[in-house]
Amino acid sequence: MTVRVCFTLRVRPDRLDEYRARHREVWPGMRAALSEAGWRNYSLFLAPDGLLVGYLECDDFDAALAEMARREVNARWQAEMAEFFEGDGNADERMRPLDEVFHLD
């Protein structure tokens, strides 16, 4: 069964342009790790005020996160990207799925 996951984070307003630039060149190893961990149809949307909305589909979100936590490439990516986010800790640890209240097939 496919699970749809949507989450929010907050990017520092003074880092928006660089955040966009980094995501135009996501490392091939990171892309591969996400796919291998079961992340499908993964998208990030960024508002001008820094609100980041993520969407993905997977079979099991907790398992997909756990698999990424075991990947060395993810540890490097999270370390480099941590400075872009408001708050402490890496983004993967702060993701909290939103409740889906409607879906149109």
| field | Main-chain N/O of Tyr55 paired with Arg4 side-chain donor or acceptor, under 3.5 Å | value | no

(message) Are there over 12 heavy-atom neighbours, none belonging to Arg12, within less than 6.0 Å of that residue's CZ?
(response) yes

Heavy atoms of Met95 and Asp92 approach each other most closely as CE-OD1, 3.4 Å

Check: So is Arg22 actually on top of Trp27's ring, under 6.0 Å and inside 45° of the axis?
Finding: no

Rounded to the nearest 0.5 Å, the CG atom of Leu9 sits from the CZ atom of Phe84 at a distance of 14.0 Å

- [ ] For the pair Glu72 and Arg76, find out whether any cationic side-chain nitrogen is under 4.0 Å from an anionic carboxylate oxygen.
- [x] yes

Within the 4.5 Å heavy-atom criterion, are Glu67 and Asn74 side-chain neighbours or not? no

Exercise for the section: Please tell me if the side chains of Met30 and Met68 come closer than 4.5 Å, counting only heavy atoms from C-beta onward. Expected result: yes

Could you check whether any side-chain heavy atom of Thr2 comes within less than 4.5 Å of a side-chain heavy atom of Cys58, counting everything from C-beta outward?
no

Are Val26 and His23 packed together at the side-chain level, in the sense that at least one heavy-atom pair is separated by less than 4.5 angstrom? yes

Closest non-hydrogen atoms of Glu86 and Val11, given as atom of the first, atom of the second and distance, are OE2-O, 4.2 Å

- [ ] Return yes when atom CG of Asp17 has more than 12 non-hydrogen atoms of other residues, nucleotides or ligands closer than 6.0 Å, and no otherwise.
- [x] no

Q. Mind checking whether Arg10 and Asp49 have side chains closer than 4.5 Å, heavy atoms only?
A. yes

Is any side-chain heavy atom of Thr8 closer than 4.5 Å to a side-chain heavy atom of Leu98?
yes

- Query: Does a sphere of radius 6.0 Å around CD in Glu25 hold more than 12 heavy atoms from other residues, nucleotides or ligands, not counting ones at 6.0 Å or beyond?
  - Reply: no

How about Leu65 and Trp39: do any of their side-chain heavy atoms sit closer than 4.5 Å?
yes

Could you label the plane-to-plane angle of the Tyr19 and Phe85 rings as parallel, tilted or perpendicular, counting under 30° as parallel and over 60° as perpendicular? perpendicular

Of all heavy-atom pairs linking Val73 and Ala33, the shortest is CG1-CB, 3.7 Å

Nearest heavy-atom approach of Val3 to Asp59 is CG2-O, 3.6 Å

Closest non-hydrogen atoms of Ala47 and Leu16, given as atom of the first, atom of the second and distance, are O-CD1, 4.3 Å

(request) State yes or no: do Phe45 and Leu52 share one hydrophobic cluster built from I, L, V, M, F, W and Y residues joined by side-chain heavy-atom distances below 4.5 Å, directly or via other members? (result) no

**Message:** Counting C-beta onward and ignoring hydrogens, is there a side-chain heavy-atom pair between Val5 and Glu57 closer than 4.5 Å?
**Reply:** no

